[in-house]
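Input: a single structure, listed below in structure tokens.
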Protein chains: 4
Amino acid sequence: MSEKTRPLRTDARRNRERVLSAAEAVLAREGSAASMRAVAEAAGVGLGTIYRHFPTREALFAAVMSTRMLQLAELSGELSEAADAGAAFFEFFTAVVDNAGRMRAVADALADAGVDVKTDSSDVSGAAAALRTALGTLLERARQHGRLRPDLHLPEALALLAAMCLAAERHQWDPAPRDRALAILFDGFRPR
Amino acid sequence: MSEKTRPLRTDARRNRERVLSAAEAVLAREGSAASMRAVAEAAGVGLGTIYRHFPTREALFAAVMSTRMLQLAELSGELSEAADAGAAFFEFFTAVVDNAGRMRAVADALADAGVDVKTDSSDVSGAAAALRTALGTLLERARQHGRLRPDLHLPEALALLAAMCLAAERHQWDPAPRDRALAILFDGFRPR
Amino acid sequence: MSEKTRPLRTDARRNRERVLSAAEAVLAREGSAASMRAVAEAAGVGLGTIYRHFPTREALFAAVMSTRMLQLAELSGELSEAADAGAAFFEFFTAVVDNAGRMRAVADALADAGVDVKTDSSDVSGAAAALRTALGTLLERARQHGRLRPDLHLPEALALLAAMCLAAERHQWDPAPRDRALAILFDGFRPR
Amino acid sequence: MSEKTRPLRTDARRNRERVLSAAEAVLAREGSAASMRAVAEAAGVGLGTIYRHFPTREALFAAVMSTRMLQLAELSGELSEAADAGAAFFEFFTAVVDNAGRMRAVADALADAGVDVKTDSSDVSGAAAALRTALGTLLERARQHGRLRPDLHLPEALALLAAMCLAAERHQWDPAPRDRALAILFDGFRPR
DNA sequence: TATGAATGAGACTTCATTCAT
DNA sequence: GATGAATGAAGTCTCATTCAT
């Protein structure tokens, strides 16, 4: 847990970023079977450079996911103080789905967050926990404000979030159908 | 003479079944990257036997999917005459999700059914179309009976079905959480 | 059971013939990599039927070759009494080349006949010997009639025959180019 | 192993050479059905190394052929200015046959050179064209010097060259029989 | 530190051969 | 006898990972 990283040289850090974002792009384009070579080429670095920063293919992809999840968790911070607690929850939910739609394979990790975390990467499980916490906080607040049905709890919400993410990334959902599906689901979330 | 003959044909057909159900099990356990060897071992047959019945890895997996989808489409036949049109729709929806929970990768095909069918296997596309039609029929009937919100149309329903299947399959959803998630979603389906 | 070959039932013998000629056709069409299944299909019999008559793939193809070579050796019988000994030799030589042009892989065996027989099938080596003898007889007679250079002996003649056969089968030589090449070679055969 | 040579960027090129010459040797020993693994073992490299340098089995074998053919075409350059145009032609012809005798399968390509080039590898077709041109040049020159019969043209010469190569390669012709056969053929080439 | 050549396990697929029906 | 389903060794090729430069 206490993975203390020492400051990388600036060019090394820049390479790490390039690899990460190349990996994300390649994952989005080619799915989870994307090869390390494809990532290296997209990043414009050698294969060895990837392995300098990420010990293994799985570690690289886990890093992609946790990075993305952390970004989402950060978004929740802002929303947790929004005036309309219900809107904040729905906005966050939508943002996560939207995000998943842009990146194949991140949804897999989101799905994992719902149950047990299978990956042994503490980074991913940490980010997943952060995301879960973020959703939980917004959920609780919205419910207390009477904007969500009282019997809606975090596990179901996470499961449904994961479901929508998986579908969004697999369908390459366009905004319109996505919004229609979410509108229906959100009606199920509301108190009667 | 009167003894039941055991022609090779029978044995061959049984082997085909064994391969199909082994493939389904392996797909469920190992995901879509499952190897042909794993299927062969699970089926207790040689590798060549698989290839006798299915010319290609893709063909085998397509057969698994279309078989499963056809079974579901058949179920819809019975339900389409049930007394309670709303219950029939929800039961079918639940059955499909339940089914997907048992088989990774079938959900992929279900997802495909929602949009365009990408696989060129006419078997799969046919089965997918059958499933789409089945859901459409039940949906229409339930809506006309006033059990579904008037603005719920097939595309959204399919998208949400696919989403739930994907999640069920990935989470290995147990009945309890699955039912809770579906209950919420179904509330979203109902007229207010 | 006695190992002595006994007359085959007429249908069995007919099957043997069908397999042989199907094998020749398939060999001609697909080259020496032709599969047993292709032969079975061309012959309209099951795979097992081939193996009833020929213990291995190699045995089948050897039988094809020896059959063909025997036919050629028989042709030499007629020619060995022709009035023009020189023409008889050239005609035989041409006939063999022509034949090879029609059947891929038989040329391989002809080539083998020129040196040592590698196949352990006594059938093939016997047929090759018959062919060698046939050519030798015609050669000797033509030379004694003064139609061939005195220093042309069987080994060279066989080597050149094999060469032309190989080329003929590989090029799918049409008659015209084949005749031009043979005319030149035959000029080399003649006394100055 | 005494000293292990240390891979260099240069070493990659050397590995390429090792693979090429191993492939030539294996092709000569085992014929055109030689396996990639056999080549890898003969070269003392891993299978993957072959595929790094040659994308495909066919590409490797094509490279072997075109390399060899190019070497022969180069030889013709020197001979094209020899004092004795007839001897130059015969020497070249002999050299090509001699060469083919050392490598099975190269003869196949030579045969292809005689007609149309079937391989889509531009390397091979280019080398084959170079070889054809080389023979044509020497042939023309020798004929103009009155050392070849006037009606000997390139197509026949190529066909006969291919024939002799095929036979040489298949027989593992020793020099003596080869020379005897060539002497006879060359007499056919000369003006009467 | 970055590079990319090398490695080899493992994937898919074919096919000669055997054997139950 | 005939059939063709089953088998599994072997072949080609891919790709995560290591390591010398």
Side-chain angles (χ1 to χ4, degrees), chain A residues 8-9 11-12 15 33-41 44-60, chain B residues 5-16 19 33-40 43-58 60, chain C residues 8-9 11-12 15 33-41 44-60, chain D residues 4-16 19 33-40 43-60:
Chain A
L8 293 166
R9 277 174 27 187
D11 59 340
N15 267 347
S35 75
M36 294 297 266
R37 182 170 298 277
V39 173
E41 279 166 9
V45 303
L47 269 172
T49 302
I50 298 184
Y51 281 92
R52 169 156 303 278
H53 293 290
F54 306 96
T56 199
R57 169 197 160 91
E58 190 184 350
L60 167 61
Chain B
T5 47
R6 305 186 59 187
L8 205 54
R9 293 284 182 179
T10 304
D11 216 49
R13 178 171 319 199
R14 218 192 45 191
N15 263 346
R16 191 180 195 278
V19 168
S35 75
M36 294 299 264
R37 180 169 299 277
V39 173
V45 303
L47 263 174
T49 302
I50 298 184
Y51 282 93
R52 161 157 294 277
H53 293 291
F54 305 97
T56 259
R57 168 200 164 86
E58 190 184 351
L60 168 61
Chain C
L8 293 166
R9 279 172 27 185
D11 58 341
N15 267 347
S35 74
M36 294 297 267
R37 181 169 299 276
V39 174
E41 278 167 10
V45 303
L47 270 173
T49 303
I50 299 184
Y51 281 92
R52 169 155 300 279
H53 293 291
F54 306 96
T56 87
R57 169 198 160 91
E58 189 184 350
L60 167 61
Chain D
K4 184 103 178 182
T5 41
R6 324 196 72 179
L8 191 61
R9 182 162 189 99
T10 313
D11 194 69
R13 179 171 314 193
R14 219 192 49 188
N15 262 348
R16 191 181 194 279
V19 168
S35 76
M36 294 297 265
R37 181 169 297 278
V39 173
V45 303
L47 261 175
T49 302
I50 299 185
Y51 283 94
R52 162 160 294 278
H53 293 290
F54 305 96
T56 259
R57 169 200 163 86
E58 190 185 351
L60 168 60

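Naming: A, B, ... by sequence-line order, numbering from 1 per chain.
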Could you tell me the separation between the CE atom of A:Met36 and the P atom of E:dA5, rounded to a whole number of Å? 17 Å
Round to the nearest Å and state the distance from A:Glu41 atom CD to E:dT3 atom P. 13 Å
Shortest side-chain distance from A:Tyr51, nucleotide among F:dA2, F:dT12, F:dT17: F:dT17
Assign each of B:Gly44 and A:Ala33 the nucleotide of DNA chain F bearing its closest heavy atom; nearer the 5' end lies the nucleotide of B:Gly44
Length of the NE2-P vector between D:His53 and F:dC13, whole Å: 16 Å
Polar-atom pairs under 3.5 Å, protein N or O versus N or O of nucleotides 8-10 of chain E: list them with distances, or write none.
| from | atom 1 | to | atom 2 | distance (Å) |
| --- | --- | --- | --- | --- |
| E:dG8 | N7 | D:Gly48 | N | 3.4 |

The side chain of D:Arg52 is closest to which nucleotide in this list: F:dC13, E:dG4, F:dA6? E:dG4
Using whole Å, report how far CZ of B:Arg57 lies from P of E:dT13. 8 Å
Got a second to check how far B:Arg13's CZ is from B:Thr10's OG1, nearest 0.5 Å? 7.0 Å
Within this structure, what is the CG-to-C1' distance between D:Leu60 and F:dC13, rounded to whole angstrom? 13 Å
Stems field, DNA chain F, Watson-Crick or wobble, 3.5 Å, at least 3 pairs, by first number, holds E:2-21 with F:2-21
Value in whole Å for how far the C1' atom of F:dA20 lies from CG of D:Asp11: 10 Å
Most 5' of D:Pro55 and A:Thr56 on DNA chain F, judged by nearest nucleotide: D:Pro55
Any chance you could measure C:Ile50, atom CD1, to C:Arg37, atom CZ, to the nearest 0.5 Å? 9.5 Å
Counting N and O atoms only, with roles assigned by atom type, does the side chain of A:Arg57 sit under 3.5 Å from a partner on the main chain of A:Ser35, one being a donor and the other an acceptor? no
How long is the line joining CD1 of B:Ile50 and P of E:dC12, in whole Å? 9 Å
Measure from the side-chain heavy atoms of B:Ala12 and tell me the nearest of F:dA16, F:dA5, E:dA5. F:dA5
Between E:dT13 (C1') and B:Glu58 (CD): distance, integer Å: 14 Å
Given F:dG1, is OP1 or OP2 found less than 4.0 Å from the side-chain N or O atoms of C:Asn15? no
Could you tell me whether the side chain of C:Thr56 and the main chain of C:Glu58 form a donor-acceptor pair under 3.5 Å? yes
Between CZ on residue D:Arg16 and CG on residue D:Leu60, distance to nearest 0.5 Å: 9.0 Å
